[in-house]
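Data first, discussion second: the structure below is written as structure tokens.
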Amino acid sequence: MQKLSLNQSLQQRLSPQQIQFIKLLQIPTFELSARIEEELEINPALEEGAEVEVKEADEYDDDFDDYADEEFKEYDDRDIDVESYLSDDYNGYKMQGDGNSDDDDKDMPIAMLSNLNDHLLSQLGYLRLDEHQEIIGQQLIGSIESDGYIRRPLQAIVNDLAFTQGVYTTIEDIEVVLKQIQTFDPAGIGARDLQECLLLQLDRKDIHEPFVQDAIRIIEDSFDEFSKKHYDKIQKRLDISDDALKQTIKLITKLNPKPGAAEEDGGVIQYLLPDYILTNTNGKLELYLNSKNAPELRVSHSFHEMLDTYEKSDKNNRAIKETVTFIKQKLDSAKWFIDAIKQRQNTLLRTMKAILDYQNEFFMTGDETKLKPMILKDIATQIDMDISTVSRVASSKSIQTEFGLYPLKYFFSEGIATDSGEDVSSREVKNILKELIDNESKKNPLSDDKLEKFLNEKGYNIARRTVAKYREQLNIPVARLRKQL
């Protein structure tokens, strides 16, 4: 005898507009233009330009609605794979309260720009320069060669400005602006030789990260030996181990000797394109979306007029019914897309403003020690949104500040409880951990158990497995491999 049972299941379904929004939210700024162009091509009811007030498609006679419902039933009732859109993928965070994640971070999306000069000029516009400095900056950028170097002597640039533009300046004034241009992306741009190019790239790395300080010392003090591969002389001068030398040289050789050059296969140059611009005007932070995030789109007025015309035609004619159904569907699709773009803008701003409030001290000073522990859940709670929504924003967006360009992922870190009951950023704990290892006896290096004990004595409630995790993230080997004779 068969046993009958009644099973109840809850199925989540998304509307086309929700799908539109989710897809648009997770793409970075540089992809948005291409996505909009694609939509403009496939939907003639969508146009570029400011919105004009027109009659909504659903305000027209409902005589066609039954026919349209039947014709597009498959479109409206199609099954939607919710998991592919709402999977809680918080790659690269592994923060308490956020759930588990894969160990591998997703690559930060990179904007494609084929013109190095235009890319540098756009960054120049972010600086608060007076007219004189602006002209100097433009002249310097114009002097940067295709591989990213300025080989023209600064005195020659002074002469160029005087003879061609009637602008009289000094080498000192040129150097002030050049230093600012050298903070632009790509890292190493505007260098006058390879040594300066490598140092500019190393200066952007965390000084507390393993081997960075040694790399800077090699390029500053032993560049000639490095270029001739006299590694034995470098090792003797720096008094470092074979492994440390190997890792340091590996770090240096990963730097880009031609920061402005395109890929050898003829590909375009790749740069990060910020989604947000942050300015600090007399202590007041002002946040803007990159203009590419806020395109002017509208529903075609001519399509509305076409619908109006057909609505007055013979409603029993099948061809007219099909045309009206097509027009209404395209008008609805255009409106959905515009609403999704607006919702994307709103979500991006709300999320970033919450991060600004949370990490206000950092954005005011640029001091990394001012970063507070912050997880996805903190921001999601503050703006009353789902953690997956915040994750999509944080994992693929970046912000241009006066201190540099930062991916939003940079501002998230787990917190470590202290004896005082406060939370400190994991970055602070990593810095202390590295300091302990740097100062340990090389003949008797500290084990993870001893490191845990020292950190606990300093007031950080941290377990041995967390010590091991942080040590691995700092690329520091276990104690037995750090031992030296």
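For reference, positions follow the sequence shown, starting with 1.
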Can you confirm whether Leu348 sits close enough to Tyr276 that some side-chain heavy atom of one is under 4.5 Å from a side-chain heavy atom of the other? yes
Can you find a heavy atom in the side chain of Lys469 that is under 4.5 Å from one in the side chain of Leu474? no
Note, Glu361 side chain near Asp367 side chain (heavy atom, < 4.5 Å): no
Given side-chain contact (heavy atoms from CB on, under 4.5 Å), test Val390 with Gln382 step by step and report yes or no. CA-CA 11 Å; Val390 177; Gln382 189 169 331; over 6 Å; no
Shortest non-hydrogen contact from Ala187 toward Pro259: O-CB, 3.4 Å
Where is the tightest heavy-atom contact between Ala334 and Val299, given as atom of each residue plus distance? CB-CG2, 4.2 Å
Strictly distance-based, threshold 3.5 Å: is any side-chain N or O of Asn439 a donor or acceptor partner for the main-chain N or O of Glu435? yes
Could you pull out every donor-acceptor pair under 3.5 Å between side chains of residues 188-201 and any protein atom, sequence neighbours left out?
{"from": "Arg192", "atom 1": "NE", "to": "Glu196", "atom 2": "OE1", "distance (Å)": "3.2"}
{"from": "Arg192", "atom 1": "NH2", "to": "Glu196", "atom 2": "OE2", "distance (Å)": "2.9"}
{"from": "Asp193", "atom 1": "OD1", "to": "Gln195", "atom 2": "N", "distance (Å)": "3.2"}
{"from": "Asp193", "atom 1": "OD1", "to": "Glu196", "atom 2": "N", "distance (Å)": "2.8"}
{"from": "Gln195", "atom 1": "NE2", "to": "Ile219", "atom 2": "O", "distance (Å)": "2.7"}
{"from": "Glu196", "atom 1": "OE1", "to": "Arg192", "atom 2": "N", "distance (Å)": "2.7"}
{"from": "Glu196", "atom 1": "OE2", "to": "Gln182", "atom 2": "NE2", "distance (Å)": "3.2"}
{"from": "Gln201", "atom 1": "OE1", "to": "Asn256", "atom 2": "N", "distance (Å)": "2.9"}
{"from": "Gln201", "atom 1": "NE2", "to": "Cys197", "atom 2": "O", "distance (Å)": "3.4"}
{"from": "Gln201", "atom 1": "NE2", "to": "Asn256", "atom 2": "O", "distance (Å)": "2.7"}

By ring-ring contact (aromatic ring centres under 6.0 Å, His included) - contacts of Phe363 (at least two apart): Phe411
Restricting to non-hydrogen atoms, name the atom on Leu331 and the atom on Ser300 that form the minimum distance, rounded to 0.1 Å. CD2-O, 4.3 Å
Side-chain contact test, heavy atoms from C-beta onward, threshold under 4.5 Å: evaluate it for Val212 versus Asp206 and give yes or no. no
Taking everything shown except Glu131 itself, do over 12 heavy atoms lie less than 6.0 Å from its CD? no
Listed partners of Tyr410 passing ring-ring contact (aromatic ring centres under 6.0 Å, His included), at least two apart: Tyr406
Partners meeting side-chain contact (heavy atoms from CB on, under 4.5 Å) with Lys250 (sequence neighbours left out): Gln247, Lys254
Under the side-chain contact (heavy atoms from CB on, under 4.5 Å) rule, what do Arg204 and Asp185 come out as? Steps first, then yes or no, please. CA-CA 11 Å; Arg204 298 200 191 187; Asp185 286 297; 3.1 Å; yes
So, taking the atom named CG in Leu251 and the one named CD1 in Ile218, what distance separates them when rounded to the nearest 0.5 Å? 9.0 Å
Would you say the side-chain atoms of Asp378 pair up with the backbone N or O of Ile375, donor to acceptor, closer than 3.5 Å? yes
Which pair of heavy atoms, one from Phe412 and one from Leu408, lies closest together, and at what distance? CD1-O, 3.3 Å
Thr183 OG1 to Leu127 CG distance, which is reported to the nearest 0.5 Å: 6.5 Å
In Å, rounded to the nearest 0.5 Å, how long is the span from CG of Leu121 to CD of Glu134? 8.5 Å
Any donor-acceptor N/O pair, Asp214 side chain to Thr248 backbone, under 3.5 Å: no
Going through the distances and angles, do Arg465 and Asp448 end up as a salt bridge (charged side-chain N to carboxylate O under 4.0 Å, His left out)? CA-CA 8 Å; Arg465 64 179 180 275; Asp448 289 346; over 6 Å; no
Any donor-acceptor pair under 3.5 Å from Asn456 side chain to Ile462 backbone: yes
State, with a plain yes or no, whether a side-chain heavy atom of Ile277 is found less than 4.5 Å away from one of Ile399. no
Spatial distance of atom CD (Glu48) from atom CG (Leu297) [nearest 0.5 Å]: 7.0 Å
When you measure from the centre of the six-membered ring of Tyr470, is the NZ or CZ of Lys430 under 6.0 Å away and within 45° of the axis? yes
May I ask you to check whether over 12 heavy atoms, not counting those of Lys434, lie within 6.0 Å of atom NZ? yes
Mind checking whether Phe337 and Ile36 have side chains closer than 4.5 Å, heavy atoms only? yes
Quick one: list whatever passes side chain to side chain donor-acceptor pair (under 3.5 Å) with Lys330, sequence neighbours left out. none
Electrostatic pair Lys179:Glu175 at N-O distance under 4.0 angstrom: no
Please check this pair: side chain of Ser333 against backbone of Gln329, looking for a donor-acceptor N/O pair closer than 3.5 Å. no
Given 3.5 Å as the limit, does a donor-acceptor pair link the side chain of Ser391 with the main chain of Ile387, or not? no
Report yes if the side chains of Lys370 and Gln359 come closer than 4.5 Å at any heavy-atom pair, otherwise no. no
salt_bridge(Asp332, Lys335) N-O dist < 4.0 Å: no
By side-chain contact (heavy atoms from CB on, under 4.5 Å) - contacts of Gln345 (at least two apart): Leu289, Ala294, Pro295, Ile341
Gap separating the CG atom of Leu451 from the CD1 atom of Ile432, nearest 0.5 angstrom: 12.0 Å
Does one side chain, of Gln123 or Gln400, offer a donor that lies under 3.5 Å from an acceptor on the other? no
Just to verify, what does Tyr358 make a ring-ring contact (aromatic ring centres under 6.0 Å, His included) with, not counting sequence neighbours? none
Using salt bridge (Lys or Arg N to Asp or Glu O under 4.0 Å) as the criterion, list what pairs up with Arg151, not counting sequence neighbours. Glu145, Asp147
Distance (rounded to the nearest 0.5 Å) between Leu405 CG and Asp275 CG: 9.0 Å
Is the side chain of Arg471 donor-acceptor paired with the backbone N or O of Ile476 at a distance under 3.5 Å, no angle test? yes
Can you give me the closest heavy-atom contact between Asp384 and Arg350, atom names plus distance? N-NH2, 4.4 Å
With sequence neighbours left out, the residues meeting side-chain contact (heavy atoms from CB on, under 4.5 Å) with Thr347 are Phe21, Leu25, Gln343, Thr351, Met385, Thr389, Val393
Run the side chain to side chain donor-acceptor pair (under 3.5 Å) test against Asn280 and tell me which residues pass, sequence neighbours left out. none
Can you list everything that forms a salt bridge (Lys or Arg N to Asp or Glu O under 4.0 Å) with Glu402? Sequence neighbours excluded, please. Arg128
Quick one: closest heavy-atom pair of Leu446 and Leu436, and the distance? CD1-O, 4.0 Å
Asp173: which residues meet the side-chain contact (heavy atoms from CB on, under 4.5 Å) condition with it, sequence neighbours left out? His132, Ile136, Thr169, Thr170
